Amino acid sequence: MLYVTVRRPDAPTRIHRAICSEYLRMRTHPSGPRQRFVLPTALAMLALCVGQARLQAAEVAAAPFKAPYVPSSDAEPLQEVPSVADPAVRQMRSLRAAQAAAPRDLPAAIRLADAYVDYSRQVGDAHYAGYAEAVIAPWMSEPRTPAVALVTQATILQYRHQFDDARALLDAALRSDPRNGQAWLTLATLDMVQGDYPAAGKDCAQVAGSAGFDWGLACSANLRSYLGQARQSLALLTQAAAASAGAPAGYQAWVQGLIAETAERLGDWPLAEKHHIQALTLLPQDNFLLVAYADFLLDRGRPREVLTLLADHAQSDTAFLRIALAHSLLHSADAPRYTWIMAARFEALTLRGSDYFGREQARFALQLQHDPQTALDMAQRNWQVQRAPWDARVLLEAALAADQPQAAADVLEFLRKTKLEDPVILPLASQLRERLRQFAGGAP
Amino acid sequence: MKRAWLAALLIASTAHAHSASDAYLTLTVGEAAAGGVIHGQWDIALRDLDFVLQLDDDGDGRLTWGEVRRHLADVERYAFAHLRVEAGTRGACTIKPTSRMIDGHADGTYAALFFDVLCPRAAAATLDYDMFFAIDPSHRGIVVIHGGNDVATAVLSPQHRRIDLPR
């Protein structure tokens, strides 16, 4: 066990420096021993180094370790926070006041919780999902929870990738309110994320019946792009976009994002980019849309544009991964430090039990830690929970890199059955099938 | 067309969630601390404190040291109302704040509250924590305890609010 001296607030000790340097070395040179320390010490190291290092993205040459301090100037900026200049923030404040004034009023609580969840998704900040959960908690513990509360809680659980728990709540909500459009839509999304396309098809039909034709159309169109019907999907989505001229910006941005995704599935890069940009024009700060466009740019070998795109979004863990990937592709001098920070952020998430970034962790292990075996393990575990095209892709990439084609068998079968067309995924699948044939034929 | 439903849709393929709320509690107990006093450092995210206490006086979306400094007494009062150390049948220990600083973490800037815990001698102590749980059940208190040659860790959550402190 590592001996650690008492912390003093004035200056870091030599031993603390040594611990943090060792931790930094472990994280940026993964070819070294990775599991050298027993878990409690690793957690202590994490707490010491993550807790004490000032790791600002803007710093270039500074040492990674700094003790707590008292700022010398009142004007020194410390932290960015949501500002009342943002209308979403003002709306949340007024809904919060209304809910505080009427704490037993369910509609007021749902309005506030939904605003928190919406903001959470938009900025990629899970804190707000937690706030939403607290707001509806009193109703969740009632014996007969109202359907609206069940659906909001299901949305929060889905956000955290707790899909089975979310599904249970949605089923309960639909038992008491079979025409709840939001529940059907959430269920359709869940089924698509988990790769149960027949169920998703039925859900989309129910969406049309309960939420209206437009929602149902977009839902079905979305589904088709996973079934090898990208052309039809594109035609339907274009129709949906044309019909949505008066709809809220969020809905239009969603449709534009789906068109971008479908265009990528067809290998039409200019069309995809046009619609990524259109989506972001409608919802400029949306974390989900930003990350989708960043992935597109990374695939097209345009990492510098990723840095510009995500410059103000480093607080989001998923955006930060794309920033780190871009630095790596650019072979920038900062790349190791971004990798180190990403590792620290993933470990902090694991430490607290928020382990729902399997896909991102697999990509990180493969591309930034150059550890195909760990990447494959993570990708396989992720595949048990979710089966979107990206989840298939990370597993195939890891299986190829680790030269374990048999590990991809499940995904290859899934692709064969669902007939997904994708210009990145299908070549990976072909390569793996070829490797499997070679293995079977005894070829070297 | 309900805007709130978009929350379901736009999560379609992935949850793009920034890490949720963490606070870090570092305690030094036993021989490593002089005279039976427990030394503590509690790092709390300024973002989390701003949500509860509204530290951004000029509303510009940026917390400066001046704004934080002016609210530190409130921060301390709020924080220590959610932390308790007890020495079993010998009753509550006294928590004495000693200093307040700023600490940088990978995901933002934190307030660092230093404190001493004075317990009746030779008593086994327990720590109870419920910071932020009532407004954010996803908050976690990450505890690191230094005692002699050992380091122990724990994660405090709404389901696990109490830890025993080693002698």
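Every heavy atom of this structure was used, including side-chain atoms; hydrogens, water molecules and symmetry mates were not. Worth saying up front: this structure is predicted, and the values here are computed from it rather than measured. Labels below follow one simple rule: chain letters A, B, ... track the order of the sequence lines, proteins then strands, and each chain is numbered from 1.
Heavy-atom pairs under 4.5 Å with chain B peak, among A:Ala85, A:Gly130, A:Cys219, A:Pro71, at A:Pro71. In terms of heavy-atom pairs under 4.5 angstrom with chain A, the leader among B:Asp48, B:Val68, B:Asp56 is B:Asp48. Between chain A and the residues B:His139, B:Arg70, B:Arg100, B:Gln54, the most heavy-atom pairs under 4.5 angstrom are made by B:Gln54. The candidate with the highest count of non-hydrogen atom pairs below 4.5 Å against chain A, out of B:Asp50, B:Ile135, B:Leu46, is B:Ile135. Most heavy-atom pairs under 4.5 Å with chain B: of the set A:Ser72, A:Pro77, A:Pro82, A:Ser83, this distinction falls to A:Ser83. Between chain B and the options A:Val70, A:Leu187, A:Asp86, A:Val135, the largest number of non-hydrogen pairs under 4.5 Å is found for A:Val70. Taking chain A as the reference chain and counting heavy-atom pairs below 4.5 Å, the highest number among B:Pro137, B:Ala134, B:Ser138, B:Pro158 is found for B:Pro137.
Heavy atoms of B:Asp60 lying under 4.5 Å from chain A belong exclusively to its backbone. Both the backbone and the side chain of B:Arg62 have a heavy atom closer than 4.5 Å to some heavy atom of chain A. Using a 4.5 Å cut-off between heavy atoms, B:Val52 contacts chain A through its backbone alone, with no side-chain atom that close. Residue B:Ala45: no heavy atom, backbone or side chain, is found under 4.5 Å from chain A. Proximity to chain B is limited to the side chain of A:Tyr116, based on heavy atoms less than 4.5 angstrom apart. Of the two parts of B:Phe51, the backbone and the side chain both hold a non-hydrogen atom closer than 4.5 Å to a non-hydrogen atom of chain A. Only the side chain of A:Arg96 comes within less than 4.5 Å of a heavy atom in chain B; its backbone stays farther off. Contacts between A:Ser73 and chain B at a heavy-atom distance below 4.5 Å involve the backbone alone (N, CA, C, O). When heavy atoms are compared at a cutoff of 4.5 Å, A:Arg93 approaches chain B solely by way of its side chain, counted from C-beta outward.
Interatomic distance, NE2 of B:His146 versus OG1 of B:Thr153, reported as 10.5 Å (0.5 Å rounding). Here CZ of A:Arg345 is found 7.5 Å from OG of A:Ser316. Values are rounded to the nearest 0.5 Å. With rounding to the nearest 0.5 angstrom, the CG atom of B:Leu83 is 8.0 Å from the OH atom of B:Tyr129.
A side-chain donor-acceptor contact under 3.5 Å links B:Asp43 and B:His105. For the residue pair A:Asp125 and A:Ser120, no side-chain donor N or O sits within less than 3.5 Å of a side-chain acceptor on the partner. A donor and an acceptor atom, one from each side chain of A:Gln122 and A:Asp286, are nowhere located under 3.5 Å apart.
Under a 4.0 Å N-O distance rule, the pair B:Asp128/B:Arg162 qualifies as a salt bridge. The existence of a salt bridge linking A:Arg322 and A:Asp295 is confirmed by a sub-4.0 Å separation between a basic side-chain nitrogen and an acidic carboxylate oxygen.
By the neighbour-count criterion of 12 heavy atoms within 6.0 Å, atom CD of A:Glu80 is sparsely surrounded, having that number or fewer from other residues, nucleotides or ligands.
Between A:Ile110 and A:Thr152 the shortest side-chain heavy-atom distance falls below 4.5 Å.
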